Participant: 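There's a structure below that I have some questions on.
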Protein chains: 2
Amino acid sequence: MDKHEDGRIGIVPALVRSTFLVNAVYAESGREYGLTPQQGQLLCVLMAQPYGMSELGAMLGLAKSSLTGLVDRTERNGLVRRDPDPRDTRAVRVALTARGSGLAAEFYAETTRRVEKLTAGLAAAERDALAGLLGRIVLDNKVPVVFLEPDEGTLTAREDEGRDIR
Amino acid sequence: MDKHEDGRIGIVPALVRSTFLVNAVYAESGREYGLTPQQGQLLCVLMAQPYGMSELGAMLGLAKSSLTGLVDRTERNGLVRRDPDPRDTRAVRVALTARGSGLAAEFYAETTRRVEKLTAGLAAAERDALAGLLGRIVLDNKVPVVFLEPDEGTLTAREDEGRDIR
DNA sequence: GGCGGACGGTTCGTAGGGCGAACCGTGAGG
DNA sequence: CCTCACGGTTCGCCCTACGAACCGTCCGCC
């Protein structure tokens, strides 16, 4: 009743509420392209390069049975493909199809645009400061690359031509 | 290939990836108390005060039909109650039960603890700076109070005793 | 060389989440 | 009064997530 309601917000509520905000953006942005947030996330991860199911599970924090379903549905929509792993008959490499690659790029761009707009009230220097601080948190906590930096990825994800990073 | 891979992260990826992180925390923290993230969120919102279904829908960004289900399940678990609205027979006030209030407090505390731990690598001054910047974003974008400040709420949400804030 | 265990993925059943459309009763304004 | 807006619920559909059970391949070890 004294030091509050003054507009100052604690670090934890600030993080949780901004998370809420970004979640909403992800959902809206996805809806615009007929993607669920999860499918959008999957596409974004695959923009970097193809991954195996287990790798994806680890990155996205999902049980493998959950992954099967997600990839199934996304595959059914023609956005993703299961390629056999050259050096392991059991394994599978999940990769973007041409269509998936295009949609991923659009979704990525739209999401970026929207998230950027959230920070419209901040000066350039403040945005940099924020990026630096959040970047530290992301790094410290080893958050998987669920969203690429604007320029990386395009090189490795370029095409279907038997690229086999790993 | 030149200015990247140097650990610096753009503002948008930083926001998205930290969001991913907080989402994971919410999920884990909830699991610990047998709550889904959505139910946890609902409890947190109701810590402040009871709300009508429509209000909740607006705050959480859910369609009313989605709300019905969420409240149903949470009610079935004995955490929440539908009180009749004194001045509108049609309407309903969703409020925490005693049990829900307790669980909400625990979930809130645990989540706070975990989110705080994410920022462990930051100095106190940096945390303040981060809180300030994120706070601006939250304010600018009028994010609903889906997570209270540490001390507010307890007063209004105190008890079942026919409190009727609006 | 073969055997057994670890590993990569899928299947199945269950439960939750989210939506739009249709519906119902109450409130409120002409 | 009568109508219409409003607060909520119901229904049917699909997506998400999990654990447990399962299957085939790979690999280390004797």
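None of these values were measured; they are calculated from a predicted model. Note that these values count all heavy atoms, side chains included, but never hydrogens, waters or copies made by symmetry.
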Participant: Given side-chain contact (heavy atoms from CB on, under 4.5 Å), test B:L133 with A:T119 step by step and report yes or no.
Facilitator: CA-CA 9 Å; B:L133 293 167; A:T119 69; over 6 Å; no

Participant: Calculate the interatomic distance between A:L35 atom CG and D:dC14 atom P; express it in whole Å.
Facilitator: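 In whole Å, D:dC14 P lies 18 Å from A:L35 CG.
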
Participant: Give the rounded distance in Å between these two atoms: CG of A:N23 and P of D:dT16.
Facilitator: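 From A:N23 CG to D:dT16 P: 14 Å.
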
Participant: Assess the residue pair B:L118 and A:L15 against the criterion (side-chain contact (heavy atoms from CB on, under 4.5 Å)); give the C-alpha distance rounded to whole Å, side-chain angles, the decisive distance to 0.1 Å, and a yes or no.
Facilitator: CA-CA 10 Å; B:L118 298 180; A:L15 277 165; 5.6 Å; no

Participant: How many Å lie between CG on B:L42 and P on C:dG18, as a whole number?
Facilitator: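 Rounding to the nearest Å, CG of B:L42 and P of C:dG18 are 11 Å apart.
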
Participant: Once you round it to whole Å, what is the distance between C1' of C:dG9 and CG of A:L56?
Facilitator: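 Going from CG in A:L56 over to C1' in C:dG9 covers 12 Å.
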
Participant: Let me know the distance between OH of A:Y26 and C1' of C:dG18, rounded to the nearest Å.
Facilitator: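 Those two atoms, OH and C1', are 19 Å apart.
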
Participant: Within the structure, does a side-chain N or O atom of A:R82 lie under 4.0 Å from either OP1 or OP2 of C:dT10?
Facilitator: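 Checking C:dT10 against A:R82, a side-chain N or O does come within under 4.0 Å of OP1 or OP2.
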
Participant: Could you tell me whether A:E126 and B:R136 make a salt bridge, using a distance below 4.0 angstrom between a side-chain N and a carboxylate O?
Facilitator: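 Yes.
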
Participant: With nearest nucleotide decided by heavy atoms, which residue, B:R76 or A:M53, maps closer to the 5′ end of DNA chain C?
Facilitator: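 Of the two residues, A:M53 wins.
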
Participant: Provide, to the nearest angstrom, the distance between the CD atom belonging to B:Q39 and the P atom belonging to C:dA15.
Facilitator: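 That distance rounds to 14 Å.
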
Participant: Using the salt bridge (Lys or Arg N to Asp or Glu O under 4.0 Å) definition, which of the options A:R113, A:K117, A:R114 pairs with A:E28?
Facilitator: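 Of all the options given, the one that passes is A:R114.
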
Participant: When you look at A:R87 and A:D85, which way does the salt bridge (Lys or Arg N to Asp or Glu O under 4.0 Å) test go after all the steps?
Facilitator: CA-CA 6 Å; A:R87 35 186 129 351; A:D85 184 319; 3.8 Å; yes

Participant: Given atom CG of A:D85 and atom C1' of D:dC26, what is their separation to the nearest angstrom?
Facilitator: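 In whole Å, D:dC26 C1' and A:D85 CG are 12 Å from each other.
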
Participant: State which of D:dA17, D:dT10, C:dG16 makes the closest approach to the side chain of B:D72.
Facilitator: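 Ranking D:dA17, D:dT10, C:dG16 by closest atom to the B:D72 side chain puts D:dT10 first.
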
Participant: List every contact pair, protein side and nucleotides 27-29 of chain D side both N or O, where the distance is under 3.5 Å.
Facilitator:
none

Participant: Between P on C:dG9 and CD on A:E55, what's the gap in Å once rounded to a whole number?
Facilitator: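 Computing the A:E55:CD to C:dG9:P distance gives 8 Å.
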
Participant: Identify the residue among B:R82, B:R81, B:R99 that makes a salt bridge (Lys or Arg N to Asp or Glu O under 4.0 Å) with B:E75.
Facilitator: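 Considering B:R82, B:R81, B:R99, a salt bridge (Lys or Arg N to Asp or Glu O under 4.0 Å) with B:E75 is found only for B:R82.
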
Participant: Would you please indicate if the ring centroids of A:Y108 and A:F147 are separated by under 6.0 Å?
Facilitator: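 For A:Y108 and A:F147, the ring centres are under 6.0 Å apart.
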
Participant: The side chain of B:Q38 is closest to which nucleotide in this list: C:dG16, C:dG9, C:dG18?
Facilitator: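 My answer, after comparing the listed nucleotides, is C:dG18.
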
Participant: With nearest nucleotide decided by heavy atoms, which residue, A:G61 or A:T89, maps closer to the 5′ end of DNA chain D?
Facilitator: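 Looking at DNA chain D, the more 5' nearest nucleotide goes with A:G61.
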
Participant: Could you check whether the rings of B:F107 and B:Y26 sit parallel, tilted or perpendicular, using 30° and 60° as the cut-offs?
Facilitator: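 Geometry flag for B:Y26 against B:F107: perpendicular rings.
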
Participant: Check the phosphate of D:dT16 against A:R73, side-chain N and O only, distance under 4.0 Å to OP1 or OP2. Yes or no?
Facilitator: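 Yes.
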
Participant: Using a 3.5 Å distance criterion without hydrogens, assess whether the side chain of A:R93 forms a donor-acceptor pair with backbone atoms of A:Y51.
Facilitator: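 Checked: no pair found.
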
Participant: Counting N and O atoms only, with roles assigned by atom type, does the side chain of B:Q38 sit under 3.5 Å from a partner on the main chain of B:L70, one being a donor and the other an acceptor?
Facilitator: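 Checked: no pair found.
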
Participant: For C:dC7, take OP1 and OP2 only and decide whether either is under 4.0 Å from a side-chain N or O of A:S54.
Facilitator: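 Answer is no, no contact under 4.0 Å.
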
Participant: Near DNA chain D, counting only heavy atoms under 4.0 Å, which residues of residues 64-71 of chain A show up?
Facilitator: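 Those residues whose heavy atoms fall under 4.0 Å from DNA chain D, taken from residues 64-71 of chain A in numerical order, are A:S65, A:S66, A:L70.
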
